[in-house]
Amino acid sequence: MTTKSGFLAEAHARGFVFQCTDEAELDAALSAGTVAGYIGFDPTGDSLHVGHMVQIMLLRLLQKHGHKPVALLGGGTAKIGDPSFREEARQLLTDAQIAENIAGIRRNIAPFLRFGDGPSDAIMANNADWLDKLGYIELLREIGPHFSISRMLSFDSVKSRLDREQGLTFLEFNYSILQSYDFRELSRRLGVALQMGGSDQWGNIVSGVDLVRRTDGRQVFGLTAPLITTASGAKMGKTAKGAVWLTAERLSPFDYWQFWRNTEDADVGRFLRLFTDVPLEEIARLEVLGGAEINEAKKRLATEATTLAHGAEAAAASAETARLAFEEGAAAENLPSVTLPEAELAAGVPAFALFVSAGLAASNGEARRLIRGGGARLNDVAISDEGLVISAADLRDGALKLSAGRKQHRLVRVGD
RNA sequence: GGAGGGGUGCCCGAGUGGUUAAAGGGGACGGACUGUAAAUCCGUUGGUGAACGCCUACGUUGGUUCAAAUCCAACCCCCUCCA
């Protein structure tokens with residue numbers, strides 16, 4: 001079909017669309033006026049990570065085209081846990097943890113959207129506002145008749161879990177019912193007519209669309225984005241130190257920049273389309289770069305993506321730090337750094353211990369192995385002696401540069 | 001409630017009394033090659049220690065034994081079928 005609405009057209013062009021419930025009608029609605037669309041975020045952690053970026057960028061794209069993005073925080077559903085495709089039941093969270101997580105996620109999303117009271121300004125909602133006081137009997141009577149067990153069992157998200165003989169508790173099974181209830185609640189309260197999400201949410205989303213139609217007679221829509229993997233098939237977002245967090249305290253802007261810089265060649269174009277605002281024509285020019293030139297496109301990707309999450313200043317600083325560190329081999333000022341008490345350094349610190357306190361190794365043993373394997377460097381010189389003691393004599397311009405492998409660098413500064 | 005099956009390291013999975021910090025694979029990390037890429041090849045992959053070692057680890061607790069992931073008991077959890 002040919003889409004008329006700017007949002008759908010660009011969503012397709014950038015690779016955001018996997019499935020849609022009724023694309024023709026959705027397109028018509030989007031063309032006719034402002035549409036409010038939402039995506040839910042589970043507050044299961046205090047920071048989102050790159051795995052959530054597709055969803056965030058979808059909301060951003062929606063707003064770009066004059067529609068209203070709604071970020072729904074699952075303060076209520078987090079008490080249950082989404083079982084979709086999950087290998088095992090989630091741990092249940094306490095109210096205090098959930099509140100803390102919501103605050104962190106708010107901060108993650110904030111830079112990507114314009115919030116306010118205008119017609120296309122973004123808003124955040126928390127489903128605890130309605131789920132917490134929901135009565136069980138009331139829910140059963142009102143919603144229960146509209147859900148078919150056999151139908152729910154047929155959803156891939158549920159089936160895969162049962163097929164693997166991993167069981168599914170009633171508690172988890174109810175998650176999709178509450179998610180449907182959320183959709184209806186947002187439809188009633190805010191006129192939300194579209195729910196988006198990852199492809200793993202398809203079943204839950206379709207259930208919500210059905211519920212709203214059956215109980216309110218209103219047509220609402222569902223749109224899912226594909227699961228993003230790297231060209232070599234790995235799940236995206238894993239790095240040496242775990243998930244690629246959006247929170248600067250958990251992952252420095254420099255490391256965030258580095259994550260994008262290290263994108264596989266084959267993914268550069270796709271990622272530029274999904275994770276930056278770079279115009280499509282420009283991306284088309286960038287992605288055809290061959291050989292080492294593709295690195296310019298990767299730098300652009302890294303800087304654009306970091307700008308969105310951490311601001312232009314942090315992005316530029318990261319780019320410059322990377323340039324100094326990788327292209328000139330210098331100990332750039334802005335490398336992630338740790339501070340070491342002067343007295344400790346004066347007394348001499350074993351190299352392996354310093355790697356641990358710099359966060360480059362998880363244990364002394366790991367640091368030793370790193371040294372033994374030839375991957376540890378001090379001031380860009382490989383450390384060959386496992387028992388090497390580092391002292392004030394090793395300072396260069398008042399700091400030490402530690403490297404684990406070619407990519408991970410830390411500056412150790414001296415303080416009190 | 002009954003019958004049967006199962007819970008092993010980051011994950012999958014082998015192991016059914018000592019030679020087991022536990023095969024194999026995946027993942028991850030390091031090295032080589034490169035372009036801070038992919039693919040490939042090599043190495044490493046519980047903690048502590050310079051080291052013989054010591055400590056911790058095979059759902060939990062207790063027991064048998066010179067010796068237990070392996071045998072026994074109780075308990076917890078998961079799965080399948082029956083009620």
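Quick caveat: nothing in here was measured; it's all calculated off a predicted structure. To find a chain, count down the sequence lines: A is the first, B the second, and so on, and within it residues start at 1.
Going from atom CG of A:L289 over to atom P of B:A38 covers 18 Å, rounded to whole Å. Whole-Å rounding puts the A:F352 CZ to B:G49 C1' distance at 9 Å. Note: CD1 (A:I371) to P (B:U45) measures 15 Å, nearest angstrom. Across the protein-nucleic acid pair, A:E366 atom CD and B:C10 atom C1' stand 12 Å apart, rounded to whole Å. Rounded to whole Å, atom C1' of B:U36 lies 14 Å from atom CD1 of A:I294. Note: CD (A:E386) to P (B:U44) measures 14 Å, nearest angstrom. In this structure, A:R377 places its CZ atom 11 Å from C1' of B:G30, rounding to the nearest Å. A:R368 has its CZ atom 17 Å from the C1' atom of B:G30, to the nearest Å.
Between the C1' atoms of B:C77 and B:G15, the separation comes to 23 Å (whole Å). Comparing the P positions of B:A21 and B:A57 gives an interatomic distance of 14 Å, to the nearest angstrom. Taking the C1' atom of each, B:G17 and B:A39 are spaced 46 Å apart, rounded to whole Å. Nucleotides B:U34 and B:A28 place their P atoms 23 Å apart, quoted to the nearest Å. Comparing the same atom, P, in B:A69 and in B:G7 gives a spacing of 16 Å after rounding to whole Å. Atom name P, nucleotides B:A22 and B:C10: the rounded distance is 15 Å, in whole Å. When the C1' atom is compared between B:C12 and B:G6, the two are found 15 Å apart, to the nearest whole Å. When the C1' atom is used for both B:C75 and B:U80, the distance is 22 Å, rounded to whole Å.
Here the side chain of A:S363 is nearest to one of B:U48, B:G35, B:U36, namely B:U48. Comparing B:C29, B:A38, B:G35 by their closest approach to the side chain of A:E264 singles out B:A38. Taking every side-chain heavy atom of A:N262 into account, B:A37 is the closest of B:G49, B:A37, B:U34. Among B:G49, B:G31, B:A37, the nucleotide with an atom closest to any side-chain atom of A:R406 is B:G31.
Using modelled atom types, one finds a donor on one side chain and an acceptor on the other under 3.5 Å when comparing A:N204 with A:Q201. Inspection of the A:E23 and A:H12 side chains reveals an N or O donor paired with an N or O acceptor under 3.5 Å. A:T306 and A:W260 share no donor-acceptor pair across their side chains, judged by distance under 3.5 Å alone.
Between A:A404 and A:R261, the residue whose closest nucleotide on RNA chain B is further toward the 5' end is A:A404. Looking at which nucleotide of RNA chain B each of A:A266 and A:G373 is closest to, the 5′-most match is held by A:G373.
Using a 4.0 Å heavy-atom distance criterion, A:R369 is classed as a sugar-phosphate-only contact. Within the nucleic acid shown, A:A376 has no heavy atom closer than 4.0 Å to any nucleic acid atom. Across all strands, A:W257 comes closer than 4.0 Å to base atoms (heavy-atom distances). A:Q258 comes within 4.0 angstrom of a nucleotide base, judged by non-hydrogen atoms across all strands. Within 4.0 Å of A:G387, counting heavy atoms only, lies no atom of the nucleic acid at all.
Between the side chain of A:R273 and the main chain of A:G15, no donor-acceptor pair closer than 3.5 Å is present. Checking side-chain atoms of A:D267 against main-chain N and O of A:A231 turns up a donor-acceptor pair under 3.5 Å. Judged by distance alone, the side chain of A:D216 and the main-chain N or O of A:V212 form no donor-acceptor pair under 3.5 Å.
We find the NE2-CG distance between A:H52 and A:D42 to be 7.5 Å, quoted to the nearest 0.5 Å.
Closest approach of A:A309 and A:Y256 over heavy atoms only: CB-CE2, 3.8 Å. Of all heavy-atom pairs spanning A:A125 and A:L186, the tightest one is CB-CD2, 4.3 Å. What you find for A:N126 and A:I102 is that their closest heavy atoms are ND2-CD1, 3.4 Å.
Stacking of A:R368 on the aromatic ring of A:F352 is recorded, both the 6.0 Å distance cut-off and the 45° axial limit being met.
For B:G30, one of the phosphate oxygens OP1 or OP2 lies less than 4.0 angstrom from a side-chain nitrogen or oxygen of A:Q408. For B:A37, one of the phosphate oxygens OP1 or OP2 lies less than 4.0 angstrom from a side-chain nitrogen or oxygen of A:K407.
For A:N364 and B:G49, a side-chain-to-base donor-acceptor distance below 3.5 Å is absent, hydrogens and geometry of angles not being considered.
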Inset, instruction - Quick one: do A:D182 and A:Y38 satisfy side-chain contact (heavy atoms from CB on, under 4.5 Å)? Show the steps, please. - result: CA-CA 10 Å; A:D182 282 345; A:Y38 93 96; 4.0 Å; yes
Detail all sub-3.5 Å separations between protein N/O atoms and N/O atoms belonging to nucleotides 41-43 of chain B.
none

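In RNA chain B, consecutive stretches of 3 or more Watson-Crick or G-U wobble pairs with both distances under 3.5 Å are given as paired ranges: B:1-7 with B:76-82, B:10-12 with B:24-26, B:27-32 with B:40-45, B:46-48 with B:53-55, B:59-63 with B:71-75.
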